[in-house]
Amino acid sequence: MPSELVKCVVWDLDDTVWEGILSEGPGVKLRPGVRELIETLDERGILQSIASKNDEKAALDELERLGIRQYFLVPHVSWQPKSALVQSIAERLNIGVDTLMFVDDSAFERAEVEFVHPQVRCVDSVDTPDLLDRPELTRPVTEDGRARRTLYLQAEERTAYEQSFAGPQVEFLRSLDMRLTVAVATPEDLERAAELTERTHQLNTTGLTFSKAELRELMARPDQTLLVARLTDRFGTYGTIGLTLVGRTAEEWRIRLFLMSCRVMGRNVGGAILRYLAQTAEAEQVRLTADFRPTDVNKAMYTVYRLAGFKKTAVDSPVRVLEMAPGLPHTYPDYLALSLPDENALRSAP
């Protein structure tokens, strides 16, 4: 089954992005409406890449000449099967194959990809005029969405820097000059917050999704607190990368939803947020508990909870109930500069 959302559109080139066959001679031109389509997808925060059987240098040079090279991340131009190119693109972007859409004029190429990856949406290039009306490509435009391609380019810079860094991992993390900001959500955060619940599956503790309207209703309740997290480093901003929903009573704070963008894996950002909640709950003399609903892909978040000091107290199928063990030291990693809500942001409900 494909994901409900498409995160990346993978384009063929010949007779798809441009008219004609590049190898048959110079002078190809963009198909009518393609430039506007590519620009609109980029504005919506939908990534785009290339899977083309062509000479790599010639194809990339042609994209430069046409003025659209910058829109395509990790383009794959080779003579390998398109199914292999599509798989590699998903791996390079760290997204699921089921979040890809593949556009190609060749019925053979679409069938080959569909046979190997039945979860990939395959679209004939003649149907591209209606592409923007498809529900899986229709979403509100957010600030993070408009910047998504830039965020991925920055992530590539970070990866290259990490691979070239000689020294312990903790020294690499210190060298990033990271600043984590945690804040109570405002109405301006709701569009991105709703998008995060829909897009984030691997680093999501319960899999709950909320619309913008549902989040607005939760924010208005005195017994619910919605926190957003943002991260920056020497390469720029990661954008809004975390969301935490806490239900509160006078005796207990329950983390109903805790999710993080995969862009911050290995940064211990989730652990820092849980430490903040644990310290604040301890100061308020309330229990800190958390819901965890196991899925096929979110095991890493259970590890985050356990490393932070949460212990399993009960199984309320299909949701596990965890509780922060009392009396633990709650220190923050020294490589993270922190900006946290003040002491009045989280208070026990009357």
[Y] and [X] side chains, donor-acceptor separation under 3.5 Å:
{"X": "Asn54", "Y": "Ser52", "value": "yes"}
{"X": "Glu323", "Y": "Thr313", "value": "no"}
{"X": "Tyr302", "Y": "Thr205", "value": "no"}
{"X": "Thr289", "Y": "Arg254", "value": "yes"}

For [X] and [Y], indicate whether the former's side chain and the latter's backbone hold a donor-acceptor pair under 3.5 Å.
{"X": "Thr206", "Y": "Arg293", "answer": "no"}
{"X": "Gln279", "Y": "His330", "answer": "yes"}
{"X": "Thr244", "Y": "Leu227", "answer": "no"}

Answer yes or no on whether Arg149 is positioned over the face of Phe72, meaning its NZ or CZ is under 6.0 Å from the six-membered ring centre and within 45° of the axis.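 Ring-cation test returns no.
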
Taking every non-hydrogen atom, the tightest pair across Leu132 and Thr138: O-OG1, 3.3 Å

Run the side chain to side chain contact (heavy atoms under 4.5 Å, CB included) check on Lys82 and His76 step by step: do they pass? CA-CA 9 Å; Lys82 294 284 183 79; His76 282 47; over 6 Å; no

My understanding is that only residues two or more places apart in sequence, or in another chain, count here; which of them pass salt bridge (charged side-chain N to carboxylate O under 4.0 Å, His left out) with Asp124?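 If we apply the salt bridge (charged side-chain N to carboxylate O under 4.0 Å, His left out) test to Asp124, skipping adjacent residues, the hits are Arg110.
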
I'd like to know whether CG of Asp334 has more than 12 heavy-atom contacts from other residues, nucleotides or ligands below 6.0 angstrom. yes

Answer yes or no: are there more than 12 heavy-atom neighbours, outside Glu39 itself, under 6.0 Å from its atom CD? yes

Got a second to check how far Leu328's CG is from Arg275's CZ, nearest 0.5 Å?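 Atom-to-atom, Leu328:CG and Arg275:CZ are 10.5 Å apart.
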
Can you measure from NZ (Lys312) to CZ (Phe292) and round to the nearest 0.5 angstrom?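 Here the rounded value is 10.5 Å.
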
What's the verdict on ring pair (Phe, Tyr, Trp, His ring centres under 6.0 Å) for Tyr161 and Phe235, showing C-alpha distance, side-chain angles and the deciding distance? CA-CA 10 Å; Tyr161 172 65; Phe235 294 99; 5.6 Å; yes

Are Tyr335 and Phe172 close enough that their ring centers fall under 6.0 Å?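 Between Tyr335 and Phe172, the centre distance exceeds or equals 6.0 Å.
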
Counterpart residues, side-chain hydrogen bond (donor to acceptor under 3.5 Å, both in side chains), relative to Arg267 (two or more places apart):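 Arg267: side-chain hydrogen bond (donor to acceptor under 3.5 Å, both in side chains) contacts with Tyr238.
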
Donor-acceptor pairs under 3.5 Å, side chain of residues 21-32 to any protein atom, not counting sequence neighbours: which ones?
from	atom 1	to	atom 2	distance (Å)
Arg31	NH1	Thr16	O	3.0
Arg31	NH1	Ser125	O	3.4
Arg31	NH2	Ser125	O	3.3

